[in-house]
Amino acid sequence: MSYMKLLMDADCLIKLTKAGLKELIAENALIDLPETVKQEVVDAGKLKGCMDSFAVEQNIESQMIKVIQSSGDYTKGDHALAALFDKETYDAVATDDAKLTRHLTAHGIPFILPGLIINHLKAEAKISLTTARWALDQLAAFISEDEFSMTKLLLEKEK
């Protein structure tokens with residue numbers, strides 16, 4: 001069984017966690033985080049008392065999510081994502097950060113929005129249409145109306 005391989009940014013990981021979808025996605029796709037993204041989500045989040053950061057830390061400890069060490073010393077996760085992306089290893093960078101998506105596009109690096117991860121899992125028959133609709137509804141409060149509408153349209157089109 002093949003899995004979608006994603007290099008994920010902090011924003012996408014936090015949205016999936018807040019929506020209660022992190023485990024569903026991690027069970028059906030391989031998720032890697034640059035060390036810098038782990039620091040942004042887990043280390044900084046724990047200092048702020050964000051409960052999501054503790055959940056992500058547990059997923060890392062259980063190896064549901066893998067942290068990737070890099071040879072560079074990146075101060076921002078976005079820089080690490082672009083530098084670590086390798087088409088032989090990853091299918092896409094998971095993000096919906098507008099600045100990052102422009103940077104990735106300029107460098108020919110594929111990216112996938114959180115809603116489209118759900119659509120992809122449905123298209124690959126990893127989740128049912130019912131589960132995909134539920135997941136999109138869970139994510140709705142954390143993504144743009146455009147992303148929600150586009151994903152909903154794609155899901156309905158593929159019935």
Side-chain angles (χ1 to χ4, degrees), residues 1-68 76-78 80-81 84-85 89-101 104 109-159:
M1 182 186 305
S2 92
Y3 286 90
M4 179 171 43
K5 297 176 187 118
L6 301 173
L7 196 56
M8 193 170 285
D9 81 340
D11 189 48
C12 184
L13 181 60
I14 290 167
K15 287 178 181 182
L16 292 173
T17 302
K18 286 185 181 300
L21 300 175
K22 181 175 35 64
E23 283 77 11
L24 175 70
I25 304 300
E27 289 168 3
N28 293 288
L30 301 175
I31 300 173
D32 287 354
L33 307 175
E35 175 65 31
T36 311
V37 171
K38 182 248 179 203
Q39 290 169 358
E40 290 172 355
V41 175
V42 177
D43 303 343
K46 283 170 60 177
L47 289 174
K48 296 176 189 171
C50 298
M51 295 311 295
D52 299 337
S53 59
F54 294 95
V56 172
E57 183 176 51
Q58 287 178 337
N59 294 139
I60 292 168
E61 288 172 1
S62 69
Q63 298 180 357
M64 182 178 277
I65 296 172
K66 184 178 169 190
V67 176
I68 304 300
K76 294 191 63 152
D78 293 2
L81 288 162
L84 291 172
F85 183 81
T89 307
Y90 300 105
D91 295 310
V93 171
T95 183
D96 65 353
D97 178 275
K99 185 177 175 186
L100 178 57
T101 59
L104 295 172
I109 298 172
F111 65 90
I112 188 167
L113 305 172
L116 294 180
I117 295 170
I118 294 166
N119 183 66
H120 181 81
L121 295 179
K122 163 58 183 84
E124 294 289 314
K126 302 247 187 237
I127 61 174
S128 69
L129 178 59
T130 302
T131 300
R133 285 177 177 153
W134 169 83
L136 183 59
D137 286 342
Q138 296 300 111
L139 192 57
F142 306 103
I143 60 176
S144 71
E145 282 186 41
D146 287 345
E147 183 179 343
F148 177 84
S149 298
M150 176 179 56
T151 305
K152 188 173 179 97
L153 183 68
L154 289 169
L155 287 173
E156 297 305 318
K157 193 174 180 182
E158 293 180 11
K159 275 193 209 180

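Since the structure is predicted, the reported quantities are computational estimates derived from the model, not experimental observations.
Between L33 and V37, the closest heavy-atom pair is CD2-CG1, 4.0 Å. Scanning both residues, G115 and L139, for their nearest heavy atoms gives N-CD2, 3.7 Å. The heavy-atom pair separating A80 from T36 by the smallest distance is CB-OG1, 4.1 Å. Summarising the geometry of G45 relative to S53, their closest heavy-atom pair is C-OG, 3.3 Å, with the distance given to 0.1 Å. Summarising the geometry of E147 relative to L116, their closest heavy-atom pair is OE2-N, 4.5 Å, with the distance given to 0.1 Å. When every heavy atom of W134 is checked against every heavy atom of G20, the shortest pair comes out as CH2-O, 4.4 Å.
The distance from the CZ atom of F54 to the CG atom of D52 is 10.5 Å, given to the nearest 0.5 Å. Rounding to the nearest 0.5 Å gives a distance of 11.5 Å between CG of L21 and CG of N28. Rounded to the nearest 0.5 Å, atoms CD1 (I68) and CG (D32) are 3.5 Å apart. A distance of 11.0 Å separates CG in L81 from CG in L6, rounded to the nearest 0.5 Å. Expressed to the nearest 0.5 Å, how far CG of L30 lies from CE of M64 amounts to 11.5 Å. Atoms CG and OH, from L84 and Y90 in turn, are 7.0 Å apart once rounded to the nearest 0.5 Å.
Counting non-hydrogen atoms of neighbouring residues, nucleotides and ligands closer than 6.0 angstrom, the CD atom of E145 reaches no more than 12 such neighbours.
Only one option out of I25, I112, I31 pairs with M4 in a side chain to side chain contact (heavy atoms under 4.5 Å, CB included); it is I112. Across I117, T131, I118, a single residue satisfies side chain to side chain contact (heavy atoms under 4.5 Å, CB included) together with L24, and that is T131. Between I127 and the choices E27, K122, H120, the side chain to side chain contact (heavy atoms under 4.5 Å, CB included) rule is met once, by K122.
For the pair L104/T95, a side-chain contact is recorded, criterion being any heavy-atom separation below 4.5 Å from C-beta on. Within the 4.5 Å cutoff, the side chain of F85 has heavy atoms near those of the P110 side chain. Side chains of T89 and L7 form no contact here, defined as non-hydrogen atoms less than 4.5 Å apart. You'll find the side chain of M8 reaches within 4.5 Å of the side chain of L16, heavy atoms only.
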Could you walk me through whether R133 and E156 satisfy the salt bridge (charged side-chain N to carboxylate O under 4.0 Å, His left out) test, starting with their C-alpha distance in whole Å, then the side-chain angles of each, then the deciding distance to 0.1 Å, before giving a yes or no? CA-CA 9 Å; R133 285 177 177 153; E156 297 305 318; 3.0 Å; yes
Given side-chain contact (heavy atoms from CB on, under 4.5 Å), test D78 with K99 step by step and report yes or no. CA-CA 9 Å; D78 293 2; K99 185 177 175 186; 5.7 Å; no
side-chain contact (heavy atoms from CB on, under 4.5 Å) for Y3 and L121? Distances and angles first, verdict last. CA-CA 9 Å; Y3 286 90; L121 295 179; over 6 Å; no
side-chain contact (heavy atoms from CB on, under 4.5 Å) between L113 and T151, intermediate numbers included: CA-CA 10 Å; L113 305 172; T151 305; over 6 Å; no
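Every residue two or more places apart in sequence or in another chain was checked for a salt bridge (charged side-chain N to carboxylate O under 4.0 Å, His left out) with K66, and none qualifies. Residues that satisfy the salt bridge (charged side-chain N to carboxylate O under 4.0 Å, His left out) test with D11, not counting sequence neighbours, are K15.
Here the side chain of T101 pairs a donor or acceptor atom with the backbone of A98 at under 3.5 angstrom.
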